[in-house]
Trainee: 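One structure coming up, written as structure tokens, with questions to follow.
It should be emphasised that the depicted structure is a prediction, and the values quoted were computed from it without experimental measurement.
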Amino acid sequence: MTNTISNDEASAGSHKDKGNEAFKGSQWAEAVKHYSNAIKLGSGHKELPVFYKNRAAAYLKLEKFEKAAEDCTESLKLMPNDPKALFRRAQAYESLEKFEEAYHDATALFKADPGNKTVQPMLQRLHVIVQERVARNAKLSTKVKKMMDLTFDLASPLEKRRSAANNLVVLAKEATGAELLYKEHCVTKVATLAKVEKDPEIYINMVYVVAALCENNVERTKGVLTELGVPWFMRVLDQKHEECVATAQYCLQTIINALSGLKNKADSKPDKELCSKNNREIDTLLTCLVYSITDRTISGPARDAVIELLTRNIHYSALEWAERLVEIRGLCRLLEVCSELEDYKYESAMEITSSTSTIASVCLARVYENMYYDEAKLRFADQIDEFIKDKLLSPDMESKVRVIVTITALLSGPLDVGNQIIAREGILQMILAMATTEDELQQRVACECLIAASSKKDKAKALSENGVDILKRLYHSKNDAIRVRALVGLCKLGSYGGGDAAIRPFGDGAALKLAEACRRFLIKPGKDKDIRRWAADGLAYLTLDAECKEKLIEDQASIQALMQLTRGGDQSCLYGVVTTFVNLCNAYEKQEMVPEMIELAKFAKQHIPEEHELDDVDFINKRITILANEGITTALCALSKTESHNSQELMARVLNAVCGLQELRGKVVQDGGVKALLRMALEGTEKGKRHASQALARIGITINPEVAFSGQRSLDVIRPLLNLLHQDCTALENFEALMALTNLANMNESVRQRIVKEQGVSRIEFYLMEDHVHLTRAAAQCICNLVMSADVVKMFEGENDRVKFLALLCEDEDEETAMACAGALAMLTSVSDKCCEKIFNVASWLDILHTLIANPSPAVQHRGIVVILNMINSGEETAKKLFQTDIMELLSGLGQLPDESRAKAREVAIQCLAAAERHRIIERSDDAEIPDVFAESAKITEILDE
């Protein structure tokens with residue numbers, strides 16, 4: 001036992017030493033790992049306080065200030081008043097803006113070690129801040145009390161109460177204001193007010209106050225949950241007023257974020273350590289949400305909001321809670337919602353909206369995505385089977401109708417599961433039998449299921465043999481709701497040939513006739529939204545046909561009707577409208593036609609897809625332009641809040657197609673497309689993210705980035721653009737991303753620092769070595785803008801060949817590339833003596849300078865002479881080394897050149913000679929021979945030609 005303990009302690013000491021080495025090498029994350037191992041193995045080690053404070057130092061470097069403060073606290077428990085631990089905790093608290101705590105630690109350190117010069121500046125700085133905060137907090141405290149008195153006094157005038165409630169939201173968003181509100185028992189008063197408040201504006205603001213109190217603060221969040229309880233939030237969520245529901249949903253998401261470390265950003269990841277600490281609270285909250293899915297007392301919008309919250313948080317990229325949802329039988333509750341029909345009106349019926357089924361389908365698909373191993377998939381399938389068998393065993397027809405509705409939802413969500421069920425014996429026959437009854441409800445749900453079932457080509461072909469006659473008969477029904485569904489079924493079966501002009505399941509002209517029938521349903525006045533939505537679904541299938549596309553795009557009334565369907569963000573119309581837009585823009589994925597494979601297919605007598613002449617690029621561009629002018633960006637933005645990643649991909653494809661036309665990019669920005677694209681570029685399918693990122697890149701090339709990406713968006717857009725700098729992306733995507741990053745890097749220092757932080761410099765530099773002239777040029781221009789940042793200059797000063805590579809590229813045959821690299825060198829050498837010295841590390845440095853001095857391009861020449869001037873000014877040793885060569889003669893010749901196109905270079909050359917005179921390296925001589933610069937240039941050209 002003793003040997004084991006001593007071995008562990010020895011191992012802990014070894015890990016500490018490795019951590020120290022990693023720390024010295026600036027490998028902060030590696031250092032944290034070693035110190036963590038030391039802490040784990042050395043629980044009784046005499047140096048345990050050192051392990052903690054060393055890990056705190058690494059956390060400070062990683063900017064994980066909360067963890068740094070925690071480690072310092074642990075170290076101080078074991079070794080009170082340790083100067084290093086106190087100082088590091090003070091640093092962490094200051095970075096967290098906990099100035100009073102930082103001041104307390106700095107004061108304790110100063111008392112323990114009055115001669116410590118490191119703490120004195122910090123103490124002086126914190127003393128000023130704390131004094132200012134004391135004065136400001138006194139004013140703020142008075143304001144908080146005044147606003148609370150006004151807001152919670154029902155007898156006060158309504159306008160004054162509204163204004164006070166707005167002010168409370170603003171105060172709650174400040175750290176000090178939030179703390180004061182919490183201490184003044186604002187949460188209790190909000191709970192009391194919510195029971196009696198009749199004004200929606202004040203009610204919404206009070207929920208925002210609760211959300212602001214919880215934001216990024218675990219302690220207050222737990223206090224709020226204890227004070228109010230989860231049922232209170234469910235009551236707040238249970239509203240018919242859309243804004244109230246959205247605010248309550250936001251509040252619940254903020255609570256989840258505070259407990260898990262998630263952020264309201266698309267690419268946010270949870271903090272695993274925080275999730276582990278708050279696992280009980282997170283589990284309780286999500287379990288309550290699952291149980292409320294089938295709550296008969298809540299409103300339809302509230303139900304949708306609950307399911308959306310689950311969809312957003314259960315994924316493995318978020319809280320990884322999908323298996324727990326299956327475990328507590330959440331699937332059955334989701335299926336119960338999917339099986340609900342507005343036609344069955346009982347007291348026990350659940351209230352649903354037109355979007356509920358779609359939202360539940362998306363949630364089921366998201367759960368299924370997380371069933372990544374066989375056992376989990378089996379549990380998922382077993383619950384689905386159990387639900388369907390239970391319904392089928394019931395003798396009443398209503399249960400069977402509900403089964404068909406559930407299968408339709410599964411086919412719209414986890415498609416594989418839906419296909420497995422419909423393939424079972426008797427299921428398809430039951431659907432076809434329902435379609436042939438005289439009961440209109442049965443006909444309707446059977447139609448919907450047949451449409452969803454014909455999603456795969458083989459099933460569509462089978463159904464076209466068995467179901468077409470049934471659908472044709474249903475199309476002659478007197479009920480428009482059934483007619484339009486039957487029409488969509490015929491449209492879908494008639495479109496399984498896709499964009500292949502050679503495959504026409506129905507006769508010539510049939511697609512146009514079906515499209516005309518859909519059009520009548522779509523634009524006919526007085527038709528309810530559900531019928532118009534189904535008509536849009538029909539067009540989604542028919543517009544794979546080029547003739548139908550042209551017919552539809554020329555019909556302004558139909559295009560406007562499609563746009564109107566999107567208003568309000570109704571999720572049920574999402575598929576039909578967006579797919580129609582995708583087809584009109586030809587933004588769907590096309591199979592690459594390799595000539596050799598075509599010849600091989602012809603030889604093997606295989607069918608070869610044919611493209612219709614109306615799908616020529618000129619026709620496509622005309623259709624895209626019409627859609628953009630009719631407001632397609634606004635329409636897609638209204639639908640972009642969907643949690644369906646596949647739908648987001650479709651929207652990204654359309655917006656990318658619109659941005660493909662340079663003259664339409666301003667319209668996308670004007671109509672609010674950038675915000676929607678940023679979200680799509682950071683979450684969703686890989687293809688969807690690529691399309692959205694490319695659209696953003698295209699906008700960044702054409703539109704001034706200060707206009708296109710104003711405020712925080714200029715920082716948010718950087719990651720999507722850097723994601724396009726990947727070998728899996730096309731050369732066009734690489735080029736467009738580099739061009740957009742070049743424009744962004746020219747904006748301000750914050751943007752340049754974000755590019756550095758996202759490891760963007762090395763990604764951009766990779767393309768300097770590309771064979772493609774446009775990629776090399778774009779990368780060089782981007783680097784040229786980035787070297788304006790002091791952080792990038794430090795990177796070039798490091799132990800690497802970055803300066804050397806730029807210098808070599810100054811000789812590039814492409815004038816634009818040479819100009820960008822010479823410009824980057826000019827900026828680097830103007831601020832860094834080390835970069836001036838590093839030019840001499842290039843074996844051919846003199847040849848490079850010769851090329852720059854005698855360059856045929858005046859712009860490259862000017863930049864090259866600036867580099868030489870900077871080298872002369874960097875120090876006497878560098879200047880002497882330069883003038884030991886023939887540089888002086890070349891500069892003298894250039895300084896007397898009469899060519900006005902080279903006036904800038906001539907002026908800088910004269911400055912170079914003047915600088916050399918100041919260093920007493922050369923003396924003015926009127927008898928000096930003027931070399932022929934152009935002859936030198938000709939020599940260089942000859943060498944290049946050889």
Side-chain angles (χ1 to χ4, degrees), residues 25-28 61-63 697 700-701 705-706 709 714-726 734-735 737-770 775-810 812 816-842 845 848 852 860 863-864 866-867 869-871 873-874 878:
S26 302
Q27 296 174 318
W28 323 121
K61 291 289 185 183
L62 290 167
E63 297 183 5
I701 293 168
E706 290 178 354
F709 310 117
S714 63
L715 305 179
D716 293 340
V717 76
I718 288 164
R719 185 173 294 179
L721 294 178
L722 289 173
N723 288 341
L724 288 179
L725 301 183
H726 194 280
N734 297 155
F735 176 68
L738 287 167
M739 291 286 283
L741 284 164
T742 301
N743 291 344
L744 279 162
N746 198 37
M747 271 182 74
N748 54 52
E749 183 59 19
S750 298
V751 172
R752 291 189 284 272
Q753 284 183 351
R754 177 60 70 90
I755 292 172
V756 173
K757 190 176 179 181
E758 295 284 351
Q759 312 296 317
V761 177
S762 55
R763 289 198 201 184
I764 294 161
E765 284 178 325
F766 175 82
Y767 290 91
L768 290 172
M769 296 175 274
E770 274 288 339
L775 287 173
T776 306
R777 183 194 298 168
Q781 289 169 342
C782 193
I783 292 293
C784 185
N785 284 347
L786 283 171
V787 296
M788 289 189 276
S789 169
D791 292 344
V792 177
V793 172
K794 284 178 187 172
M795 293 172 77
F796 276 83
E797 288 178 334
E799 297 298 318
N800 54 58
D801 291 331
R802 285 189 162 104
V803 172
K804 180 180 179 180
F805 201 66
L806 272 186
L808 290 167
L809 279 173
C810 289
D812 199 271
E816 296 287 331
T817 304
M819 193 192 305
C821 291
L825 267 185
M827 283 189 276
L828 285 167
T829 52
S830 69
V831 295
S832 169
D833 293 346
K834 195 163 185 181
C835 286
C836 292
E837 292 167 17
K838 288 183 83 173
I839 290 176
F840 293 123
N841 295 341
V842 187
W845 66 268
I848 292 166
L852 289 170
V860 176
R863 287 160 176 75
V866 171
V867 171
L869 177 62
N870 293 336
M871 291 175 75
N873 289 333
S874 70
T878 306

Trainee: So do R719 and D716 actually touch side chain to side chain, heavy atoms under 4.5 Å?
Mentor: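 D716 vs R719: side chains apart.
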Trainee: Quick check for you: to the nearest 0.5 Å, what is the distance between L825 atom CG and M871 atom CE?
Mentor: 9.5 Å
Trainee: Is there a side-chain contact between V803 and N841, using heavy atoms and a 4.5 Å cut-off?
Mentor: no
Trainee: Kindly compute the distance separating OG (S750) from CD1 (I755), expressed to the nearest 0.5 Å.
Mentor: 11.0 Å
Trainee: Between I764 and A779, which heavy-atom pair has the shortest distance, and what is it?
Mentor: O-CB, 3.5 Å
Trainee: Within the 4.5 Å heavy-atom criterion, are I839 and V867 side-chain neighbours or not?
Mentor: yes
Trainee: When you compare the side chain of Q753 with that of V756, does any pair of heavy atoms fall below 4.5 Å?
Mentor: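 No, too far: nothing below the 4.5 Å cut-off.
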Trainee: With the side chain counted from C-beta on, respond yes when N723 and R763 share a heavy-atom pair under 4.5 Å apart, and no when they do not.
Mentor: yes
Trainee: Working to the nearest 0.5 Å, report the span between CZ of R863 and SG of C810.
Mentor: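 So the gap between those two atoms works out to 11.0 Å.
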Trainee: Hey, is the main chain of I718 close enough, under 3.5 Å, to the side chain of R754 for a donor-acceptor pair?
Mentor: no
Trainee: Backbone N or O of G700 within a donor-acceptor pair of the N743 side chain at under 3.5 Å?
Mentor: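 Yes; at least one donor-acceptor contact below 3.5 Å.
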Trainee: How many angstroms lie between CG in L741 and CD1 in I701, if you round to the nearest 0.5 Å?
Mentor: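 Between atom CG of L741 and atom CD1 of I701 there are 10.0 Å.
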Trainee: Looking at every heavy atom in both L775 and L738, which two are closest together, and how far apart are they?
Mentor: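 In terms of heavy atoms, the two residues are closest at O-CD1, 3.8 Å.
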Trainee: Looking at S830 and N870, what are the two nearest heavy atoms and their distance?
Mentor: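 Result for this residue pair: N-ND2, 3.3 Å.
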Trainee: Between E797 and S832, is any side-chain donor less than 3.5 angstrom from a side-chain acceptor?
Mentor: yes
Trainee: Got a donor-acceptor contact below 3.5 angstrom from the R777 side chain to the T817 backbone?
Mentor: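 Not a single qualifying donor-acceptor pair exists.
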Trainee: If I compare all heavy atoms of I783 with all of E765, which pair ends up nearest, and what's the gap?
Mentor: CD1-CG, 3.7 Å
Trainee: Would you mind reporting whether D812 and C821 have side-chain heavy atoms less than 4.5 Å apart?
Mentor: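 Not touching, per the 4.5 Å side-chain cut-off.
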Trainee: Using 0.5 Å steps for rounding, measure from the CG atom of L828 to the NZ atom of K834.
Mentor: 13.0 Å
Trainee: Examine distances only and state if a side-chain atom of K838 and a backbone atom of F796 form a donor-acceptor pair shorter than 3.5 Å.
Mentor: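 Yes.
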Trainee: Look at the side chain of S789 and the backbone N and O of E749, then say whether any donor-acceptor pair between them is shorter than 3.5 Å.
Mentor: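 Flag not set: sc S789 to bb E749 has no pair under 3.5 Å.
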Trainee: Is the side chain of N800 donor-acceptor paired with the backbone N or O of M795 at a distance under 3.5 Å, no angle test?
Mentor: yes
Trainee: Flag the pair V793 / M827 as yes when at least one side-chain heavy-atom distance between them is below 4.5 Å, and no otherwise.
Mentor: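 No; the side chains remain at least 4.5 Å from each other.
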Trainee: Which heavy atom of R752 sits nearest to which heavy atom of N785, and what is that distance?
Mentor: CD-O, 3.4 Å
Trainee: Taking the side chain as every heavy atom from C-beta outward, state whether L744 and M747 have any pair of such atoms under 4.5 Å apart.
Mentor: yes
Trainee: Which pair of heavy atoms, one from T776 and one from L768, lies closest together, and at what distance?
Mentor: CG2-O, 3.5 Å
